[in-house]
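In what follows, every chain begins at residue 1, and chains take the letters A, B, ... in the order their sequences are listed. Every heavy atom of this structure was used, including side-chain atoms; hydrogens, water molecules and symmetry mates were not.
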Protein chains: 2
Amino acid sequence: MSDPVSGQMAQALDASTPDLSPIEQTPLKVQIADRLRRAIITGKMRPGAVLVETALAEQMNVSRAPIREAIQILESDGLVETVAYKGKRVKPLTVREVTETFEMRQLYEVLAVRRIIAGGVDVQALHRPYADMVEAAEAGDRESLVAGDERFHRTLIRLADHDLLLQTWNSIYMRVHQIMALRNDRKVPLVDIATNHLPIIHALEKRDLEKAVALMSEHTRALNDFDPARIVQDPA
Amino acid sequence: MSDPVSGQMAQALDASTPDLSPIEQTPLKVQIADRLRRAIITGKMRPGAVLVETALAEQMNVSRAPIREAIQILESDGLVETVAYKGKRVKPLTVREVTETFEMRQLYEVLAVRRIIAGGVDVQALHRPYADMVEAAEAGDRESLVAGDERFHRTLIRLADHDLLLQTWNSIYMRVHQIMALRNDRKVPLVDIATNHLPIIHALEKRDLEKAVALMSEHTRALNDFDPARIVQDPA
DNA sequence: GCTTTGTCGATTGTCGACAACATACAATTT
DNA sequence: AAATTGTATGTTGTCGACAATCGACAAAGC
């Protein structure tokens, strides 16, 4: 029974634990958008890369309609741009846009910090993603560190208890994630990245608004070493 | 030649001033989205109103594909929501969402004020829309007042010189516009609405950050008399 | 040789049809 | 009478085809 395939078969035939949970339907357009988004924000599809409907439809073995709709989803994510009648491509990154993206992110995260402290919100929930980050960093696992980082920040935004802020942050975080994947900075030790989050937690716990805001501002400040040319050229 | 139809005909036949400017192509989906958006943000289509692709396609004499795509545009505008396999409707308005919408708007406009003052930006451009608003208010023309108000605020955001902020503000302003149209508050004199903008201009001109921020914060604060039930019931 | 025109192939935008899904209501069962 | 099942209808999701547009390249003209 250690054979994975046989394991699945055994589960399907095992009436003692039937899986009768609701079946989630996901339209093709959503599935396609998820895959393309994943490719974009991990840097697999580069800024400027052309998205050709017919090619994607053939490659993914679907018709063009859901491809079109998926691309439109990515357009609303801010990851793709369309020129009518001409085509669609992964949105290029400019220094200006990177700067602006990080500035908006900073605005949102500082707002979250302010709301958490003003609302006297318990920030215990931040410890889990923080611990996950430290663990990943110590194991040299960059991907898990990035995932933990995202969980940390999303938890923080959730704690601000403002649905529109969360939605707006989610949207911009895709771009942030893409930028960070493309930048792929190997110069900062992973452990430093992880442990940088702890002082923020402490300031929040102490309700020290000024310190929390300063720490978060510093933590989310715009990167100023971004070179778009290097990113387009460097497929690594 | 004072007859508008004949005037157009004369222009078309008048080779002395041919119109050879670039022809702008607008895909159907964009045209449809524009019309639907207009209907939504002016309150003609109510929150909760169901959007049926087949009916809209028939009514507008197009096929369903551009309708679907147009609706998706409106979804990314935040004006429409989709439940997969079930349908699409104009997004309902909740008190929470109205509050949050105005809070985010405030965040953006205060950021613009900060950037303008920090950058020493000339705000002369705000006078034109302001004057237009006063003129409209004195003429009792609510629509022109609203249009002028929008121009005032968009100009302000433009002066902040931050593309992502402008884009984000544009997006949220649609919802703001819709909320204001639905609220249709007749209690405040139009002239007061218009003239409220002048102290903001003055504070910006004087580079008085504290005053400008306070004025803008007050100007954009969340409405707290919003009743979603009344809006759905009141088709006026 | 350079510029302009024409043709072709690839792609995008839209169309109408089919399959899949959801809901309302009638018919049947308990 | 209430609950369950079956059927019909309307709508959404996807498909493949046609029309419109674009760009590359060859051919023709200067």
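- B:E75 has its CD atom 13 Å from the P atom of D:dT12, to the nearest Å.
- Two rings, from B:F152 and B:H197, have their centers less than 6.0 Å apart.
- Residue B:I67 is classed as having no contact, given no heavy-atom separation below 4.0 Å to the nucleic acid.
- Relative ring orientation between B:W169 and B:Y173 is described as parallel, the plane-to-plane angle staying below 30° on a 0-90° scale split at 30° and 60°.
- You can see that DNA chain C meets the heavy atoms of chain B within a 4.0 Å-exclusive cut from C:dT14 to C:dT23, reading 5' to 3'.
- Between A:A84 and A:P27, it is A:P27 whose nearest contact on DNA chain D lies nearer the 5' terminus.
- Here D:dG10 presents its C1' atom at 15 Å from CG of B:L56, a figure rounded to the nearest Å.
- Distance B:R68 CZ to D:dT11 P: 14 Å, rounded to the nearest Å.
- Using a 4.0 Å cut-off between charged side-chain N and carboxylate O, A:E103 and B:R115 make a salt bridge.
- Checked for salt-bridge contact, B:D77 and B:R37 meet the test: a charged N lies under 4.0 Å from a carboxylate O.
- Distance, A:Y85 OH to D:dC22 C1': 12 Å, rounded to whole Å.
- Ring to ring, B:H219 and B:H153 are close: their centroids are under 6.0 angstrom apart.
- One finds a salt bridge joining B:K88 and B:E53 here, because a Lys/Arg side-chain nitrogen approaches an Asp/Glu carboxylate oxygen to under 4.0 Å.
- As rounded to whole Å, 11 Å separates atom P of D:dG13 from atom CG of A:L28.
- Across the interface with DNA chain C, nearest-nucleotide mapping of B:N61 and A:T54 shows A:T54 to be the residue nearer the 5′ end.
- Residue A:R64 is the one, among A:R64 and B:Q25, whose nearest nucleotide of DNA chain D lies closer to the 5' end (criterion: closest heavy atom).
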